[in-house]
Amino acid sequence: MEIPEKYDANEAEARWRERWEADQIYAWDPSRPREETFVVDTPPPTVSGELHIGHVFSYAQQDLIVRYQRMLGRNIAYPMGWDDNGLPTERRVQNVFRIRPSRELPYDPEWQPSADRGPKEAVEEVSRLNFIEACERVCEEDEQAFEALWRQAGLSVDWKLGYRTIDAHCRRTAQLSFLDLHERGQVYQTLSPAMWDADFATAIAQAEVEDREKPGAYHDIRFAIEDGGELLIATTRPELLGACIAVVAHPDDERYQKLFGKTAVTPLFHAPVPILPAAHADPEKGTGILMVCTFGDAMDVEWWRNSGLPLRQLIGPVGRIVPAHWGEPPFQTREPEAAARAHAELEGRTVKQAQRRIVELLGDDGSLVGEPRPITHPVKFYERGERPLEYVPTRQWFVKLLEHKDALLEQGRKITWHPPHMRTRYDNWVEGLNQDWCISRQRFAGVPFPVWYPIDEAGAPDFERPLLAERERLPVDPLAEPPPGYGPEQRDQPGGFAADPDVMDTWATSSLTPQITSHWATDPGRHERLFPADLRPQSHEIIRTWAFYTIVKAWMHEGQIPWHHITISGWILDPERKKMSKSKGKVMTGSELLSEHSTDAIRYWSGRARLGVDTVLDPSVFKQGRRLTTKLFNASRFVLGQLEDSGADLGAVATNEIREPLDLAYVARLRGLVERASGAFERFDYAGALQATEEHFWEFCDDYLELVKLRSYAEQDGAGRHSAVATLLLALRTFLRLFAPFLPFVTEEIWSWRFGDGGARSIHRESWPCLAESDDVPAPAQAESFACAMEVLRKIRQTKTQAKRSLRWPVERLEVRGEAGPRAALEAALSDVLSAGNADPEACKVAQGAAPEGERFSVCATLSEQAD
RNA sequence: AGGCACGUAGCUCAGUGGGAGAGCACUACCUUGACGCGGUAGGGGUCGCCGGUUCAAUCCCGGCCGUGCCUACCA
């Protein structure tokens, strides 16, 4: 095969991508047994339209491990899924098309989403199904972009194993999971205050909550005490005054002890509320006495639950103040009319607006003492939300977690974490759980609950007796299909049924990715072969969601761990050390960087980064990768060129012809590399393998190649030449395969020239280098020959550089002094040293003598007056 | 506030109980018989600070400082 002079990475990479796809070299073979299989539980990226280099970085790291395993001969099951459920998708669709879903509107088959509607036009309301269609359309476009990126990045995915979390198979799996957990008593429904995002108007789970430091202010508000006197409440949420159900202070707080049992009266609303001791009141904070509202925070919820006091819900599902009938329970008041007047001022306002207004009212009323005192404090947000969470009493489905903490910690310990300290994050999360998993979302684009409720003759749904779908009929859409035993005309009729209107948390589906790939729901035989998976690669911020929930599900359904190993990638940081996905301004897309620097160079950069370690985006590392690629190309060209140019039959040289002392010593080094790189990969330490390989490769080029260059193309076709060529070929075959996971394109290109039969045998299906390949090469008598030869050659080079001569400049006379041991090792390889240094063998003297501290030889090279 | 991790050359990062390293950047030189998308040589670091263990500490232990993340913190 013709060996090109220059390497055109973009051309070669495009060519090999097509070839690999055509040859299906990454296909999983369903006929091979479990023990030969390596199953990857690949992260299904959230199809949200953002494509940045951070994605490429972490997915490339998985691919390194996968490619190593493939070269060990494993049958790889490496799927790629898309997570197109959930709020990120809905939000994008809402913004792109400027539409809002409505539960009331009927489906309009003519309607088409259009991104061209200008920002000035009103937001359009569309039916649930039209909205879902728009979501699917956006996802499909994004999925194509992602797939193109993954292909460009050289991921060795078997695309036939792909899935989308909204496809029928995934919906069936998620619904089956729900039914199974229901049967096992691990899910329950309850009507209680749930953490609520007002913009999305849905409940969310603890795992999706994050704290943000926000400015706020203490407002000191005067409450009357019914027997006379008053107290001062400090609150950051004056707008919840109407929701106040009690006033509490610490039981040991002497300032307030005498008030316990009395009744306070709120300003504006004149509501009588008990003054009670409560352990959670901190005497140091605010005024030491606080109002309990329904609901200001999690503490309020917990305290209310145990108090038996009424629920005065003020904040509605869209984050505005709802109507209230002051004077009627639960809104007891001493002055109904005044309370109603105050409430009218707030009703319909958002929380923020209501706060501003009530502060004015309290000021006018004389109940606000002094000016608000600004503070910053942590406020809980839905991680993708923009308004602080509220607590809204609603009916939600939960998966039991709190009673299983110990078991879940135990499951975590059965999994090998890479790096190990990442398990601590899992442990911290499990230990800190304070709620069960809320899995229902009051949204649209997601997997519906396979549940209906019977409606009694009075028209009220009976939530205690849910009607569950039959397993064989999954997936179902309860909003479109009737439950077993009912007809469609009975929907929402007395004596009929009502569908559960909610969809599941996106994690309720993505926590099943191992079972989705294994076809747990439909194919027990395949499940047996693919579950548990071997590897879960992911990033650290979703340990508490994806890793955690996946462990939960595998344990609840089958008492199993979902995978044996979990690898945690670090983040890519921009030059300001911010996470790439959060970078502001212009960020180069992954595709741009791959084209500019070549995929191999970008993968090299990924491979350099250790698991779990955040990495700054540094183009100098791309450059290093590019340089390595070029060097590999050129060195290979030289080695294989020896075979091409030769009149002699060097194509048949074999390892058993390796006899020269220098070559034997070099093969010994190469064997050390194979052991080191393989050991590193076995520990999932691809970066260690790359580092070892790269170091050895540069040594191979700069030192070994230079030493044997002349011998390898010596005029006479002798044993020395055969030994050199055989060693070069062994080394090249070894390096190419050691680099193949990192640099899949250039290694394949080179492999195809001679070893791969023009690409018919892909390097990616060759076997990983092993010691047996060089077992017929005897151990060197002088193991130090290579090191000694290099030391002398370096000193000759040094002399020439200092004399500002080229490296081929002839050496007229060479004197080497050293001890007997090193001398013997050197002399075994002396002829190679002399030819590499262009020194006259007749004028070379090696003798007994002292060497400088820490070195073996003292070398004196006298350069010729003139070049040859 | 607790936990985990990190702090090594100007930058990005390896590393080990005994010699401080790589790439980039920088300096000088080499016009190359695989490679100028190259090569050779070189300058540059009290390995965050303070203690301890040890014959010996950048590495092990303790404390401190700084950075990042995880968890907690809404009156």
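Order of the sequence lines sets the chain letters (A, B, ...), proteins ahead of strands, with each chain counted from 1.
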Among A:Tyr549, A:Trp507, A:Phe548, which one satisfies ring pair (Phe, Tyr, Trp, His ring centres under 6.0 Å) with A:Trp437? A:Tyr549
Looking at every strand, decide which applies to A:Ser636 at a 4.0 Å heavy-atom threshold: base, sugar-phosphate, or nothing. nothing
Considering only atom P, compute the distance from B:rG38 to B:rG10 and round it to an integer number of Å. 25 Å
Where does the angle between the aromatic ring planes of A:His540 and A:Trp571 fall among parallel (under 30°), tilted (30 to 60°) and perpendicular (over 60°)? tilted
Separation of the P atoms in B:rU40 and B:rU32, to the nearest angstrom: 15 Å
Please state how far atom NZ in A:Lys6 lies from atom P in B:rC35, giving the value in whole angstrom units. 8 Å
Regarding A:Lys352 and A:Glu239, does a basic nitrogen lie under 4.0 Å from an acidic carboxylate oxygen? no
Can you tell me the distance, in whole Å, between the CG atom of A:Asn838 and the P atom of B:rG39? 21 Å
Please state the C1' separation for the pair B:rG19 and B:rC47 - nearest whole angstrom. 15 Å
Mind checking if A:Cys701 touches a base, just sugar-phosphate, or nothing, with heavy atoms under 4.0 Å? base
Is the shortest side-chain heavy-atom distance between A:Arg544 and A:Val430 below 4.5 Å? no
In whole Å, I'd like the distance from the CG atom of A:Asn634 to the C1' atom of B:rG36. 11 Å
Output one letter per nucleotide in nucleotides 21-29 of chain B: B when a protein non-hydrogen atom lies under 4.0 Å from the base, S when only the sugar-phosphate is that close, - when neither is. --SSS--SS
Pick the P atom in B:rG66 and in B:rA56, then give their distance to the nearest Å. 32 Å
Using the side chain to side chain donor-acceptor pair (under 3.5 Å) criterion, which residues pair with A:Glu371? Sequence neighbours excluded. none
When rounded to the nearest Å, what value does the distance between P atoms of B:rA25 and B:rU12 take? 15 Å
RNA chain B: stems of at least 3 consecutive Watson-Crick or G-U pairs, cut-off 3.5 Å? B:1-7 with B:65-71, B:10-13 with B:21-24, B:26-30 with B:38-42, B:48-52 with B:60-64
Pairwise P distance for B:rG44 and B:rG62, with rounding to whole Å: 36 Å
When rounded to the nearest Å, what value does the distance between C1' atoms of B:rA75 and B:rG68 take? 31 Å
For A:Glu11, which residues count as a side-chain contact (heavy atoms from CB on, under 4.5 Å) partner, sequence neighbours excluded? A:Asp8, A:Arg15
How are the rings of A:His597 and A:Phe622 set relative to one another: parallel (under 30°), tilted (30 to 60°) or perpendicular (over 60°)? tilted
Base of B:rA34 paired with side chain of A:Glu706 (donor-acceptor, under 3.5 Å): yes
Any A:Leu736 side-chain heavy atom under 4.5 Å of A:Ser636 side chain: yes
Given the C1' atoms of B:rG48 and B:rU58, what is the spacing between them in whole Å? 11 Å
Using OP1 and OP2 only, check whether a side-chain N or O of A:Arg610 sits under 4.0 Å from B:rC6. no
With sequence neighbours left out, the residues meeting side chain to side chain donor-acceptor pair (under 3.5 Å) with A:Arg627 are none
How would you label the contact of A:Lys214 with the nucleic acid (heavy atoms, under 4.0 Å): base, sugar-phosphate, or nothing? nothing
Name the orientation class of the two ring planes belonging to A:Tyr704 and A:Phe700 (parallel below 30°, tilted from 30 to 60°, perpendicular beyond 60°). parallel
Produce a footprint string for nucleotides 70-75 of chain B: one letter per nucleotide, 5' end first; B if the base is under 4.0 Å from any protein heavy atom, S if only the sugar-phosphate is, - if neither. SSSBBB
Would you say the side chains of A:Gln313 and A:Tyr391 form a donor-acceptor pair under 3.5 Å? no
Electrostatic pair A:Glu706:A:Lys709 at N-O distance under 4.0 angstrom: yes
